[in-house]
Engineer: 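Okay, handing you the structure first.
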There are 2 protein chains.
Amino acid sequence: MSMHPETGGSLQQGLHQDGRRLTPQRRRILELFESLGGGRHLSAEDVHHQLLDRELRVSLATIYRTLRLLVEMGFLQELQTSNGSQFELADAEHIRHHHLVCVRCGRTEEFESEEVLNAGLQASNKFGFDLIGSSLTVRGICPQCR
Amino acid sequence: MSMHPETGGSLQQGLHQDGRRLTPQRRRILELFESLGGGRHLSAEDVHHQLLDRELRVSLATIYRTLRLLVEMGFLQELQTSNGSQFELADAEHIRHHHLVCVRCGRTEEFESEEVLNAGLQASNKFGFDLIGSSLTVRGICPQCR
DNA sequence: CTAGGTGCAAACGATTTGCATGCTA
DNA sequence: TAGCATGCAAATCGTTTGCACCTAG
């Protein structure tokens with residue numbers, strides 16, 4: 001009942017469902033996230049720059065469209081911040097990592113929690129949702145800003 | 001160590017700290033949230049309309065400035081969505097309410113969880129943050145969109 | 001072939017900011 | 001008074017979209 005993160009193989013399969021196509025641009029974005037591994041937050045602009053560093057040109061518009069697609073497929077998870085969205089791998093190893101954000105300076109720390117993972121699972125069961133992932137955002141004021 | 005939500009009284013006190021002033025505009029916004037009670041999400045525009053319905057004129061710019069202030073003071077909690085931020089009372093009764101969001105249609109359900117609350121507390125302690133609040137966002141696909 | 005994808009540039013829309021004026025403490 | 005707050009309008013800036021062209025299947 002829960003749609004789960006896929007391996008490279010089944011993900012490419014997913015990109016062929018419903019008449020979707022696996023283009024070089026999409027492959028580049030996928031490979032970027034895979035090469036960076038989990039636990040890294042990238043904005044759309046970050047993805048753009050990382051790709052340019054690798055001499056790969058993909059338009060920002062396509063990056064936005066692809067990131068949205070990957071979120072809906074459950075491959076990425078989106079973290080909304082005051083400066084726009086951040087995306088990160090949502091695979092089994094990282095689905096349990098959460099965020100502690102300073103509301104003053106935006107500093108972000110990460111932590112893990114088994115209980116939070118379970119709470120999300122229970123909630124999605126209760127309402128009949130297919131779980132994609134969950135993320136806890138804890139807001140506070142960091143020591144430097146206090 | 002944890003900055004906690006305040007009652008009306010200590011909140012108005014908070015609005016006098018650091019040379020801040022309690023203006024009619026701020027009072028109107030505060031009273032709006034208090035009158036609606038917890039568990040309601042309002043965007044900045046929503047606040048604007050609600051106030052107009054009550055024949056109270058406050059500029060959108062001031063609403064944005066005040067909402068940010070109230071979030072930093074811990075009186076409101078901010079929920080970032082793809083259509084902008086939503087704000088709600090962050091008082092003791094509602095600080096433990098979380099969100100289950102459909103990534104396709106945006107439908108949002110709410111639920112509570114004691115474990116999540118504790119996880120946030122532990123995390124903020126670990127990094128020395130003053131806790132303001134926490135919110136879990138669970139992403140999934142709702143039954144209608146599946 | 002042909003629907004889906006891409007790039008570009010323009011459009012959008014929520015939020016922020018500069019500045020002159022108002023008003024709290 | 002002094003200085004924070006407000007209102008207005010203009011500026012920002014991340015994100016979306018229209019459209020003509022391209023290409024995976």
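Throughout, a chain's letter reflects where its sequence line sits, starting with A, and its residues are numbered from 1.
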Engineer: Run the side chain to side chain donor-acceptor pair (under 3.5 Å) test on Arg54(B) and Ser35(B) for me, step by step, so that the C-alpha distance in whole Å, both residues' side-chain angles and the decisive distance to 0.1 Å come before the verdict.
Structural biologist: CA-CA 12 Å; Arg54(B) 301 168 186 216; Ser35(B) 73; 3.2 Å; yes
Engineer: Which comes earlier along DNA chain C counting from the 5' end, the contact point of Ser59(A) or that of Arg68(B), where each point is its nearest nucleotide?
Structural biologist: Ser59(A)
Engineer: Under 3.5 Å, is there a donor-acceptor pair linking the side chains of Glu110(A) and His41(A)?
Structural biologist: yes
Engineer: What's the CG-P distance between Leu15(B) and dC23(C), to the nearest Å?
Structural biologist: 19 Å
Engineer: So, does Gln25(B) get its side chain near the phosphate of dG7(D), meaning an N or O under 4.0 Å from OP1 or OP2?
Structural biologist: yes
Engineer: Base, sugar-phosphate alone, or nothing: which one does Arg27(A) contact when heavy atoms must sit under 4.0 Å apart?
Structural biologist: nothing
Engineer: Look only at the side chain of Thr62(A) and the backbone of Val58(A), and say whether a donor-acceptor pair between them is shorter than 3.5 Å.
Structural biologist: no
Engineer: From CG of Leu69(B) over to P of dT15(C), roughly how many Å is that when rounded to an integer?
Structural biologist: 17 Å
Engineer: Expressed in angstrom and rounded to an integer, what is the separation of His48(A) atom NE2 from dC13(D) atom P?
Structural biologist: 18 Å
Engineer: Can you tell me which nucleotide in dT15(D), dT6(D), dT23(D) comes closest to the side chain of Ala44(A)?
Structural biologist: dT15(D)
Engineer: Are Arg20(B) and dG3(D) close enough that a side-chain N or O sits under 4.0 Å from OP1 or OP2?
Structural biologist: no
Engineer: Measure from the side-chain heavy atoms of Thr62(B) and tell me the nearest of dC4(D), dG7(D), dT15(D).
Structural biologist: dG7(D)
Engineer: Between the main-chain N or O of Ser43(A) and the side-chain N or O of Asp46(A), is there a donor-acceptor pair closer than 3.5 Å?
Structural biologist: yes
Engineer: Please state how far atom CD in Glu45(B) lies from atom P in dT16(C), giving the value in whole angstrom units.
Structural biologist: 13 Å
Engineer: Given dC8(D), dT6(D), dT2(C), which nucleotide is nearest the side-chain atoms of Arg21(A)?
Structural biologist: dT2(C)
Engineer: What is the separation between atom CD on Gln17(B) and atom P on dA5(D), rounded to the nearest whole Å?
Structural biologist: 13 Å
Engineer: Nearest to the side chain of Tyr64(A), heavy atoms from C-beta on, is which of dT16(D), dA25(C), dG7(D)?
Structural biologist: dT16(D)
Engineer: For dT6(D) and Thr23(B) - does any side-chain N or O of the residue sit under 4.0 Å from the phosphate oxygens OP1/OP2?
Structural biologist: yes
Engineer: Any base atoms under 4.0 Å from Ser85(A), or only sugar-phosphate, or nothing? Heavy atoms, all strands.
Structural biologist: sugar-phosphate
Engineer: For a 4.5 angstrom cut-off between non-hydrogen side-chain atoms, does Leu42(A) reach Phe33(A)?
Structural biologist: yes
Engineer: Gln80(B) has an atom CD; how far is it from atom C1' of dT15(D), in whole Å?
Structural biologist: 15 Å
Engineer: Rounded to the nearest 0.5 Å, what separation is found between the OG atom of Ser135(A) and the CD atom of Glu88(A)?
Structural biologist: 7.5 Å
Engineer: May I ask you to say what Arg26(A) touches in the nucleic acid, namely base, sugar-phosphate or nothing, with a heavy-atom cut-off under 4.0 Å?
Structural biologist: sugar-phosphate
Engineer: Nearest whole angstrom, please: distance from the C1' of dT6(C) to the CG of Leu51(A).
Structural biologist: 14 Å
Engineer: Using a 4.0 Å heavy-atom cut-off, does Arg65(B) contact any base of the nucleic acid, only the sugar-phosphate backbone, or nothing at all?
Structural biologist: base
Engineer: Expressed in angstrom and rounded to an integer, what is the separation of Asp18(B) atom CG from dA5(D) atom C1'?
Structural biologist: 15 Å
Engineer: Base, sugar-phosphate alone, or nothing: which one does Leu60(B) contact when heavy atoms must sit under 4.0 Å apart?
Structural biologist: nothing
